[in-house]
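Only heavy atoms go into these numbers, but all of them, side chains included; no hydrogens, no water, no symmetry mates. Quantities reported herein were computed from a predicted structural model and do not represent experimental measurements. Throughout, protein chains are lettered first and strands after them, A, B, ... in sequence-line order, and every chain is numbered starting at 1.
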Amino acid sequence: ASVSGFLSLLSFTILFLAWLAGFSSRLFAVIRFESIIHEFDPWFNYRSTHHLSTNGFYEFLNWFDERAWYPLGRIVGGTVYPGLMVTAGLIHYILNLLHVTVHIRDVCVFLAPVFSGLTAVSTFLLTRELWNQGAGLLAACFIAIVPGYISRSVAGSFDNEGIAIFALQFTYYLWVKSVKTGSVFWTIGCCLSYFYMVSAWGGYVFIINLIPLHVFVLLLMQRFSRRLYIAYSTFYIVGLVLSMQIPFVGFQPIRTSEHMAAAGVFALLQAYAFLQYLKDRLTRQEFQTLFFLGVSLAAGVVFLTLTKPSLPPLLRYAKIHIPIIASVSEHQPTTWVSFFFDLHILVCTFPAGLWFCIKNINDERVFVALYAISAVYFAGVMVRLMLTLTPVVCMLSAIAFSSVFEHYLGDDMKRENPIKQHPFYPVKNSSVYSKLIVTMLMLMLLMMFAVHCTWVTSNAYSSPSVVLASYNHDGSRNILDDFREAYYWLRQNTDEHARVMSWWDYGYQIAGMANRTTLVDNNTWNNSHIALVGKAMSSNESAAYEIMKSLDVDYVLIIFGGVIGYSGDDINKFLWMVRIAEGEHPKDIRESDYFTPQGEFRVDKAGSPTLLNCLMYKMSYYRFGEMQLDFRTPPGFDRTRNAEIGNKDIRLKHLEEAFTSEHWLVRIYRVKKQENRQALDHKLRNIAAKQKYTSKKVLPSRFH
Amino acid sequence: MWRAGAVSLALIACFFRASLCAEGLVNEDVKRTLDLSSHLAKITAEIQLANHGASRVNGFTLALEAELAPHLAFIGASVKGEEEEDESLELKETTVHGQSGKFFEAQLPSSLAPGAKLRVKVETVFSHVLKPFPTHITQAERQLVVFQGNHYLYSPYPTRSQTTRVRLASKTVESYTKLGNPTKSDETVEYGPFKDVPPFSQDAMKIHYENNTPFLSISSITRTVEVSHWGNIAVEETIDLRHTGAYLKGPFSRYDYQRQSDSGISSVKSFKTILPASAQDVYYRDEIGNISTSHLQVLDDSVEVEIRPRFPLFGGWKTHYIVGYNLPSYEYLYNLGDQYALKLRLVDHVYDDQVIDQLTVKLILPEGARNIHMDTPYPITRSQDELHYTYLDTFGRPVLVATKNNLVEQHIQDVVVHYTFNKILMLQEPLLVVGAFYILFFTVIIYVRLDFSITKDPAAEVRMKVASITEQVLTLVNKRLGLYRHMDEVVNRYKQTRDTGALNSGRKTLEAEHRTLSNDISALQARLKSEGSDLAEKVGEIQKLDNQLKDLVCRSCQEAERLVAGKVKKDTYIDSDKTLSGKRQELVSRIDSLLDAL
């Protein structure tokens with residue numbers, strides 16, 4: 001009894017430490033900078049959480065945001081996965097109920113690190129179900145610090161993925177548990193967890209395809225059991241009903257092809273169970289097997305045809321809005337380097353773990369094998385989906401490491417007891433040295449893994465994008481706070497209902513930090529609206545003015561990195577704007593116009609005249625031609641593109657500079673209101689005044 | 001009857017006049033200084049008062065023009081003593097019949113005898129009286145402002161002689177009124193002396209000049225002070241700042257601003273806030289996070305924060321920020337038993353020549369503070385007290401809320417708050433934490449120790465029973481193996497001492513204990529069997545092996561006896577002993593493996 005007590009104490013301590021390590025290694029950005037939302041996209045999540053916590057849940061569900069997508073607006077409640085906001089809002093509510101006066105901002109900042117601890121715990125539970133306690137603890141430690149997961153869950157990145165990975169792992173744990181026990185209790189738990197996942201992230205589609213796949217493969221492997229039948233039937237029905245409660249998901253689960261696999265497998269399972277039932281009563285064995293084969297083959301064909309095009313839903317999404325999706329770097333295919341960068345040694349050891357699982361196969365190990373194979377495929381398709389691969393890699397690597405340790409450490413431990421008990425009967429221990437070497441090697445690998453994780457987290461995933469930092473020769477730090485400078489200027493010194501036009505990347509930030517109306521934002525649901533903004537940016541000034549007038553634009557905001565050499569600025573993104581605009585307005589905008597005859601994109605004198613006179617170019621380089629940055633370069637030298645700009649004499653007719661941040665990173669232009677109508681050329685009329693009219697109207701009484 | 005009434009009426013009227021206007025007072029000599037070098041109008045008048053009346057005078061009246069009166073931020077009067085010792089006078093607002101403006105009654109410390117003279121210094125500060133003209137300027141232009149005032153001292157008493165000196169912010173003056181041929185040199189304009197000015201005389205003075213000093217004003221400030229008896233006072237100021245100078249017209253060009261030093265000369269880039277010397281953990285932030293452009297300098301007698309708003313403030317631009325810091329409470333909190341007194345500044349320095357349009361002070365006292373009494377240095381509007389809940393609060397902390405409009409630097413004075421606080425309440429919060437953890441652990445203990453399942457699980461119960469039985473079997477078997485080891489020692493000793501008695505007794509105890517142990521194990525085996533566990537067979541196997549083992553032990557014992565008796569040679573004994581021990585080892589390892597299986 002005392003041994004098991006110590007074991008549970010030890011597991012508890014290890015899990016707690018894993019939680020702590022995971023939490024603290026995500027705090028680099030907060031400690032180096034401050035406790036704010038550091039990334040661009042999460043500003044929307046923060047803003048809506050703020051809305052939720054100030055106005056209440058129902059107000060949030062019915063929220064029509066008139067500050068986005070002017071003049072269309074956005075029904076926020078129906079177009080978001082509310083899980084993240086509701087979680088943060090709930091935590092904030094409970095804390096405030098207990099008089100722990102934490103600001104909602106801090107709840108949002110630290111939500112992802114806290115949930116990483118929960119992810120570690122659920123990974124522990126899942127791995128324990130799959131293998132054993134030791135492997136579970138190792139997996140929890142891995143997932144706590146692995147960069148592939150940290151990249152999406154550092155403090156200050158308030159993104160859906162931060163809580164979704166926990167929900168994913170926990171749903172899988174409960175699924176495995178319910179397949180193992182066949183108990184409705186566990187399955188209902190699984191459904192609730194699945195509901196949470198649906199409310200949190202669009203990646204729930206992964207679950208609703210993987211679980212049916214598991215069931216299907218189990219059927220093919222002749223591993224049908226009553227437990228499986230109970231688990232899947234309950235899961236499918238309850239999960240379906242629950243998932244349809246999320247407004248954004250709505251009727252998709254019974255309409256779209258992504259969800260059809262689940263329905264098909266459900267039908268198949270019912271048919272299979274029915275046949276099993278018949279089998280006990282009928283004796284015509286051959287006929288039955290034939291029948292079974294026919295049905296399962298048909299169902300399999302249905303399953304494959306339905307799921308094949310829909311398995312990567314994000315890819316399908318990508319096909320619709322090609323230029324917009326392709327313009328985002330995280331939607332690119334993953335390189336081998338980033339596999340190693342994000343997973344380090346785990347990427348090498350996880351096939352071993354997979355092999356161990358397949359070698360000693362059982363129901364739940366079939367699941368983890370399928371999980372691994374599908375996740376590897378997705379991660380190869382898109383960098384962003386590296387996230388779904390990470391947990392399974394952690395689990396399987398933990399299984400591999402655990403088996404090795406069990407083999408090389410565990411046996412010794414067992415033999416030690418008898419040696420102590422019977423000192424009269426010595427035992428030969430010839431392989432001790434080889435065991436020692438293997439163990440040391442493994443421990444060294446783990447140590448290097450931990451060092452790598454910390455290094456990657458510190459250097460690659462903890463530099464905020466809201467604040468830029470540069471380091472002087474003496475190591476002191478310069479903070480370039482231009483984004484917030486400009487956004488705060490907008491917030492304080494423009495009309496409350498001013499409409500700001502900018503490229504969609506900055507939409508959420510402008511809404512969140514500047515609290516002003518935007519035309520387009522990171523929720524890129526309306527391609528033609530984005531194309532219109534792109535068209536305005538890539539047209540000449542007077543054409544752009546017409547567009548801006550029609551869209552009631554008051555201010556235009558652009559990002560310009562030419563002074564400090566910031567490469568993510570609007571000129572570098574400009575070709576995407578042109579392409580997107582061309583997609584909708586092929587008559588007015590042609591990408592080829594913006595290239596030199598040699599097919600180059602240049603901003604200097606050799607650049608195409610269309611480029612040199614378009615609005616984006618003019619706004620970026622307005623008065624930049626006078627500016628000499630240092631004595632070795634001519635005035636108007638763009639540090640980002642290393643070129644002297646081609647058009648130095650820029651005059652703006654319809655716009656005027658309203659604000660430029662200290663390092664010129666953000667430039668805001670005011671769209672001039674139309675002056676009184678221009679006087680037409682006319683001759684003075686000569687009318688012979690014959691009669692003088694005097695008004696006989698009396699003033700209304702209120703003026704008396 | 002009517003005579004008496006008339007007399008009393010006349011008496012009352014006389015008294016009234018005497019008390020209000022102090023009949024007979026004359027301003028002998030007045031030196032006015034109008035300091036217009038900042039964005040405030042600071043008007044100081046040094047007045048020599050003389051009592052030309054017949055009776056002693058206890059007080060006098062100060063008057064302000066109706067045009068300036070609404071902008072009054074501060075007024076103070078002091079008597080110039082003989083030894084450079086100023087004594088400030090208490091002022092009370094009054095009205096004067098038939099005259100417009102604002103009037104204050106000053107009480108003299110000692111009444112002024114007829115014919116006596118007194119030097120009085122009156123200091124007034126007006127905010128928002130310098131109007132930018134033109135009201136909108138471009139970035140390259142300089143800021144011009146207009147001041148409209150009075151050439152004379154506005155006073156209920158006749159003035160014999162007076163001079164007015166105006167200090168400006170720059171040499172550039174567009175225009176100024178030319179009453180009595182004023183002299184202008186550099187940054188000052190001097191009017192007067194004017195002789196024999198009647199009471200309540202006004203003559204419009206208008207000066208239009210360049211003033212590029214920062215026209216900053218705090219449109220609202222909320223100062224929150226949270227007192228903790230654990231040694232900390234947290235101060236937080238939420239400030240809305242606005243540039244009230246001429247509005248910026250047209251574009252703001254960063255290029256010009258960076259390259260030309262006089263571009264945007266009237267704009268505000270940064271200013272200094274002076275915090276108390278013991279201020280710690282200073283933060284400077286706004287809704288979207290920390291404002292990284294600030295510097296902190298710790299001086300001997302203060303902490304200076306160089307506050308740089310995120311962007312330079314041009315005319316009409318505003319910003320909003322929060323400054324907060326912690327103070328050690330021993331410097332500001334005094335107590336005598338349960339009586340506490342908190343003494344700290346009601347409003348603190350934000351920038352030089354500050355103007356606060358609206359101040360809200362919130363003093364959060366510890367939970368359980370009672371009999372709260374607030375002593376303010378000047379009248380301030382108290383609002384309804386509130387309750388504030390923060391960490392570990394149960395019934396809320398009392399919050400004193402007070403507001404006041406139009407404050408300037410002269411208002412930086414101490415407020416004293418008295419309250420009683422029962423020290424035993426200090427223990428409330430730690431006890432709360434202890435209690436919460438106690439309940440938590442207790443629930444965990446109860447949950448782990450007690451069985452809450454609503455159905456009995458017979459299989460699990462059997463498993464637990466079997467586990468406990470096997471545990472017992474394990475200890476018994478190990479004990480039995482220990483007996484053999486003990487026997488070995490006995491045999492070894494026998495081999496050296498050749499003491500047959502000891503050997504026999506050892507063998508007897510072995511036999512006896514072995515029997516009891518074996519019996520116990522058999523009993524447990526029977527119980528296992530009755531529980532239907534297949535472990536019973538394994539235990540039976542162990543028993544069998546043990547019998548063999550015991551035989552071997554007995555045989556080794558006999559061999560030893562034979563050796564001692566000389567019945568066998570030493571070589572043969574060693575050989576047989578080796579085979580025996582080999583067999584025994586084998587048996588023991590088999591038993592061990594069986595035990596492991598259990």
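- Considering only residues two or more places apart in sequence or on other chains, A:Asp41 meets the salt bridge (charged side-chain N to carboxylate O under 4.0 Å, His left out) condition with none of them.
- You'll find the side chain of B:Thr390 stays beyond 4.5 Å of the side chain of A:His99, heavy atoms only.
- Heavy-atom minimum distance, A:Tyr488 versus B:His320: OH-O, 2.7 Å.
- In this structure, chain B has no heavy atom under 4.5 Å from any part of A:Arg667.
- Around atom OH of A:Tyr93, no more than 12 heavy atoms belonging to other residues, nucleotides or ligands sit under 6.0 Å away.
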*Dump the intermediate steps for side-chain contact (heavy atoms from CB on, under 4.5 Å) on B:Trp317 and A:Phe659, then the final yes or no.*
CA-CA 12 Å; B:Trp317 290 10; A:Phe659 188 80; 3.9 Å; yes
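- Proximity to chain B (any heavy atom under 4.5 Å) is shown, for A:Glu657, by both the backbone and the side chain.
- Here the CD1 atom belonging to A:Ile668 is positioned 10.5 Å from the CZ atom belonging to B:Phe252, to the nearest 0.5 angstrom.
- When the shell of 6.0 Å around OH of A:Tyr471 is examined, it contains more than 12 heavy atoms from other residues, nucleotides or ligands.
- Surrounding OH of B:Tyr247 are at most 12 heavy atoms belonging to other residues, nucleotides or ligands under 6.0 Å away.
- Chain B forms more heavy-atom pairs under 4.5 Å with one residue of A:Thr101, A:Asn493, A:Leu98 than with any other, namely A:Asn493.
- For chain B, the option among A:Glu656, A:Arg484, A:Met513 with the highest count of heavy-atom pairs below 4.5 Å is A:Arg484.
- No more than 12 heavy atoms of other residues, nucleotides or ligands shown are found within 6.0 angstrom of NZ on B:Lys465.
- Counting heavy atoms from C-beta on, the side chains of A:Trp43 and B:Ile288 come closer than 4.5 Å.
- Here the shortest heavy-atom pairing between A:Glu485 and B:Phe311 reads O-CD2, 3.7 Å.
- One finds the CG atom of A:Leu95 at 9.0 Å from the OH atom of B:Tyr391 (value rounded to the nearest 0.5 Å).
- Contacts of B:Glu287 classified as salt bridge (charged side-chain N to carboxylate O under 4.0 Å, His left out), with partners at least two apart in sequence or in another chain: A:Arg491.
- Around NZ of B:Lys578, the count of heavy atoms belonging to other residues, nucleotides or ligands within 6.0 Å does not exceed 12.
- Between B:Arg285 and A:Ile36, the closest heavy-atom pair is NH2-CG2, 4.2 Å.
- Taking B:Asp240, B:Leu392, B:Asp256 one by one and counting their heavy-atom pairs under 4.5 Å with chain A, the maximum is reached by B:Asp256.
- Contact annotation for B:Thr394: only backbone heavy atoms (N, CA, C, O) come within less than 4.5 Å of a heavy atom of chain A.
- Within a 6.0 Å sphere centred on NZ of A:Lys648, other residues, nucleotides and ligands contribute more than 12 heavy atoms.
- Listed in order of number, the residues of residues 621-629 of chain A that approach chain B to under 4.5 Å between heavy atoms are A:Arg623, A:Glu626, A:Met627, A:Gln628.
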*Check the pair B:Arg254, A:Trp664 against side-chain contact (heavy atoms from CB on, under 4.5 Å), reporting the backbone distance first and the verdict last.*
CA-CA 8 Å; B:Arg254 178 66 74 169; A:Trp664 292 49; 3.5 Å; yes
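- Between A:Asp481 and B:Ser292, the shortest heavy-atom contact is OD2-OG, 2.9 Å.
- Among residues two or more places apart in sequence or in another chain, the salt bridge (charged side-chain N to carboxylate O under 4.0 Å, His left out) test is passed with B:Glu236 by none.
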